[in-house]
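All chains are named by letter (A, B, ...) in the order of the sequence lines, taking the proteins before the strands, and each is independently numbered beginning at 1. Worth knowing before you read on, the calculation uses all heavy atoms, side chains too, and leaves out hydrogens, waters and symmetry mates.
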Amino acid sequence: MAGSTLTIKDLHVAIEGKEILKGVNLEIKGGEIHAIMGPNGTGKSTLSSAIMGHPKYEVTSGSITLDDQNVLEMEVDERAQAGLFLAMQYPSEINGVTNADFLRSAINARRGEGNEISLMKFIRQMDKQMEFLEMDLDMAQRYLNEGFSGGEKKRNEILQLMMLEPKIAILDEIDSGLDIDALKVVSKGVNQMRGENFGCLIITHYQRLLDYITPDHVHVMMQGRVVKSGGPELAQRLEAEGYDWIKQELGIEDETVGQEA
Amino acid sequence: MTTEIKLPFDEAFVSSFSQETNEPAWFAELRLKALEQFEQLSMPKPDKTKIEKWNFTQFQQHTVKSQAYSSLAELPEEVKALVDVDASNQNLYIQRNQTPAYLKLSDELKNKGVIFTDIFTAAKEHGDILKKYYMTQATNADEHKLTALHAALVNGGVFVYIPKNVEIAEPIQAVFVQDDLEANLFNHVIVVADDNSSLTYVENYISTVEESNALANILTEVVANTNARVQYGAVDNLAKGITSYINRRGVAGRDSQIDWAIGSMNEGNTIFENTTNLLGDGSVADTKMVVVGRGEQTQNFTTKVVHFGKHTQGNILKHGVVKESATTIFNGIGLIEHGASKSDAQQTSRVLMLSEKARGDANPILLIEEDDVTAGHAASVGRVDPLQLYYLMSRGIPQSEAERLVIHGFLAPVVNQLPIEKVKTQLTEVIERKVR
């Protein structure tokens with residue numbers, strides 16, 4: 001079988017008792033790139049956090065499965081080990097832990113005891129990917145995300161993606177705050193990963209990113225649900241016409257679910 | 001009011017001990033005087049920790065006699081790890097419980113007039129120099145009950161003297177091994193750097209016993225004379241159950257500098273004091289410390305820099321991790337005396353608590369009696385950020401490993417700045433064991 005399949009069924013998620021996702025259905029297969037678009041506050045980031053297992057988000061009903069495994073029963077680290085990856089909108093800064101030590105721990109955690117990656121091989125791989133992403137090699141020895149600019153943080157998320165080679169990756173607003181050069185580099189990294197063993201869910205406000213990473217499927221989220229799905233042409237129409245036509249079509253007045261995105 | 005404490009060792013015992021060890025008269029007299037003073041003095045009062053119920057005075061054995069080590073190959077593995085067994089040009093003292101068990105001082109240093117020997121030999125052979133510094137400048141026997149008790153019962157330690165204009169590149173190391181449950185450490189360390197001299201001194205306190213109810217009452221005096229430089233590194237690693245009073249004091253002369261690099265990794269209850277008195281104009285004190293508290297232990301660390309001279313500079317940087325049900329209190333004091341103009345007192349204390357039951361406190365205190373100075377402090381006490389753990393775990397790192405990374409990360413910025421490579425490596429290893 002080529003690639004894995006992430007299946008989300010009727011997902012309801014609450015934060016601090018307030019329901020944000022109200023029945024999301026989505027299937028992402030290996031080899032496919034999906035984009036979720038939508039205005040601020042419609043639940044896009046909540047979806048990504050719920051898939052990864054963020055401690056503040058509570059899944060109240062529905063299911064998430066990766067192939068035949070129940071993702072909702074897994075701890076956060078087990079989800080990653082199973083093959084999920086989330087490039088975060090706001091990556092944490094961790095003082096005193098170098099980027100290289102962190103990545104090596106992450107790789108070794110997946111490989112398991114007795115099968116650790118050799119230091120030389122690790123350094124070669126990391127150098128190679130950093131060069132590909134046009135990153136300063138010094139960043140390997142800097143503390144994880146500490147003092148990184150917005151663009152450096154996003155590149156660093158893609159570096160992790162490339163080093164960890166997940167089955168399904170979710171990119172949560174990887175394009176926000178990026179200038180056009182950084183955007184091109186980030187897209188180059190994602191396109192490099194493309195292949196039948198890699199599925200990807202891109203969450204974005206902007207069509208701009210999709211000029212560089214062509215999605216197979218485009219979904220629009222409003223009011224905590226996927227309200228419209230289509231091909232790449234949907235993203236282009238959104239770029240040209242905005243979201244109002246969808247709201248009119250569906251009779252939606254306020255698309256948000258009452259929280260900041 | 002002082003409560004009556006009956007000591008297990010009386011005047012007759014102390015006198016006969018002095019005789020047995022052939023101590024010079026001044027040393028024996030100092031003991032007896034201190035024993036007498038003990039009665040009138042009160043206990044020290046570390047800020048924010050009640051020590052009334054701690055046992056600092058009741059114990060069975062004053063001296064444990066142990067075999068010396070005929071070679072480094074005989075050392076227990078955990079001690080071997082601390083020393084450079086293969087080094088040819090080593091300056092090393094190892095004390096086993098109370099017995100001077102190994103001593104090596106290179107001919108090069110001997111020829112330069114460097115003194116490096118156990119405290120009793122120093123009293124006999126270098127009495128004049130020792131007398132000048134022994135509890136006269138940095139500490140006094142009559143400060144409180146524990147300093148008096150220490151002076152009366154000193155049972156080990158080391159004396160280091162670097163003559164004028166002698167600069168030593170290689171570290172001088174002392175290792176104090178406790179491998180007997182009954183061994184109580186009344187250790188006295190004196191490091192004197194005379195004018196224009198410099199040295200790096202590294203010491204280890206290590207228990208090879210798992211648990212003991214012994215006592216440690218350790219006094220250290222560092223004297224940096226004019227334009228001298230002392231780098232002082234210590235890794236304390238005494239066993240669970242050992243109640244420690246550890247006081248390391250420095251006196252800095254004109255244009256001198258004392259750097260402290262201390263890792264406090266004791267497993268028992270500990271009262272720790274580190275004070276540097278900046279007497280001379282232009283003198284500098286730099287104190288860096290890392291602490292790991294775990295189990296049920298309570299520890300109190302007071303680090304203090306007192307500015308007497310003009311243009312003096314004091315820095316304190318402390319990071320502590322508190323696990324399980326342990327308590328760690330950090331008191332940092334910068335005191336600028338009247339007349340110490342153009343001085344600068346800085347301190348940073350940070351405590352990271354890893355469990356619901358862990359307790360931490362950081363109290364920065366600045367006492368300033370002079371107008372024309374600068375001073376600053378930063379302190380924080382917090383718990384591990386769940387979002388940091390989430391981020392690390394989202395890359396497949398299990399929670400325990402994620403916590404380990406965060407703890408290392410919290411201590412690393414201090415450990416990496418420690419000026420002594422050896423202390424850095426040793427500490428990293430001890431921390432690794434303790435936070436696993």
Side-chain angles (χ1 to χ4, degrees), chain A residues 48-57 74-113 141-146 153 156-157 159-161 163-167 169-170 172, chain B residues 263 288-292 317-321 348-354 356 378-418 424-425 427-429 431-432 434-436:
Chain A
S48 61
S49 296
I51 296 170
M52 205 65 230
H54 189 294
K56 265 170 76 180
Y57 295 80
M74 299 179 190
E75 295 294 332
V76 176
D77 57 316
E78 292 168 339
R79 297 180 192 202
Q81 303 234 7
L84 293 176
F85 180 91
L86 170 61
M88 297 198 193
Q89 192 179 355
Y90 304 109
S92 289
E93 300 187 0
I94 299 174
N95 185 246
V97 178
T98 64
N99 218 358
D101 283 348
F102 156 67
L103 257 173
R104 199 147 67 95
S105 293
I107 288 172
N108 285 335
R110 281 163 44 121
R111 292 170 65 110
E113 244 180 83
Q141 292 311 319
R142 281 173 61 188
Y143 292 150
L144 181 54
N145 293 326
E146 203 186 57
K153 281 184 184 166
N156 206 40
E157 292 293 286
L159 173 68
Q160 294 169 39
L161 169 74
M163 296 287 288
L164 296 172
E165 299 180 327
K167 294 171 180 159
I170 304 143
D172 189 6
Chain B
K288 292 198 171 69
M289 216 175 150
V290 290
V291 173
V292 176
L317 173 64
K318 285 187 291 193
H319 279 203
V321 163
T348 301
S349 298
R350 305 207 180 280
V351 182
L352 179 68
M353 294 175 293
L354 297 178
E356 283 301 309
S380 69
V381 180
R383 296 189 189 279
V384 174
D385 177 358
L387 286 184
Q388 287 187 333
L389 294 180
Y390 166 62
Y391 184 68
L392 294 170
M393 288 173 73
S394 79
R395 302 307 185 238
I397 298 172
Q399 183 161 355
S400 57
E401 173 69 6
E403 283 176 357
R404 198 188 68 86
L405 282 173
V406 170
I407 297 166
H408 270 283
F410 180 77
L411 298 176
V414 183
V415 174
N416 292 344
Q417 279 187 56
L418 296 179
K424 218 188 268 188
T425 329
L427 258 183
T428 308
E429 280 163 21
I431 291 168
E432 180 67 30
K434 292 189 79 154
V435 302
R436 193 176 288 164

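Proximity to chain A at a heavy-atom threshold of 4.5 Å picks out B:Tyr390, B:Tyr391, B:Leu392, B:Met393, B:Ser394, B:Arg395, B:Gly396, B:Ile397 from residues 389-397 of chain B, in numerical order.
In terms of heavy-atom pairs under 4.5 Å with chain B, the best-connected choice from A:Met52, A:His54, A:Glu75, A:Lys56 is A:His54. Comparing A:Ser92, A:Ala82, A:Gly53 by heavy-atom pairs within less than 4.5 Å of chain B, the highest count is held by A:Ser92.
For a residue to count as touching a neighbouring chain, one of its non-hydrogen atoms must lie under 4.5 Å from one of that chain's; by this rule B:Gln388 touches chain A with backbone and side chain alike. Residue A:Asn108 does not touch chain B at all, counting heavy-atom pairs closer than 4.5 Å. Only the side chain of A:Leu144 comes within contact range of chain B, with at least one heavy atom under 4.5 Å from a heavy atom of that chain. Only the side chain of A:Leu164 comes within less than 4.5 Å of a heavy atom in chain B; its backbone stays farther off. For a residue to count as touching a neighbouring chain, one of its non-hydrogen atoms must lie under 4.5 Å from one of that chain's; by this rule B:Asp385 does not touch chain A. For A:Glu93, the part sitting under 4.5 Å from any heavy atom of chain B is the backbone (N, CA, C, O) and nothing else.
Atom OG in A:Ser105 sits 4.5 Å away from atom CG in B:Leu405 (nearest 0.5 Å).
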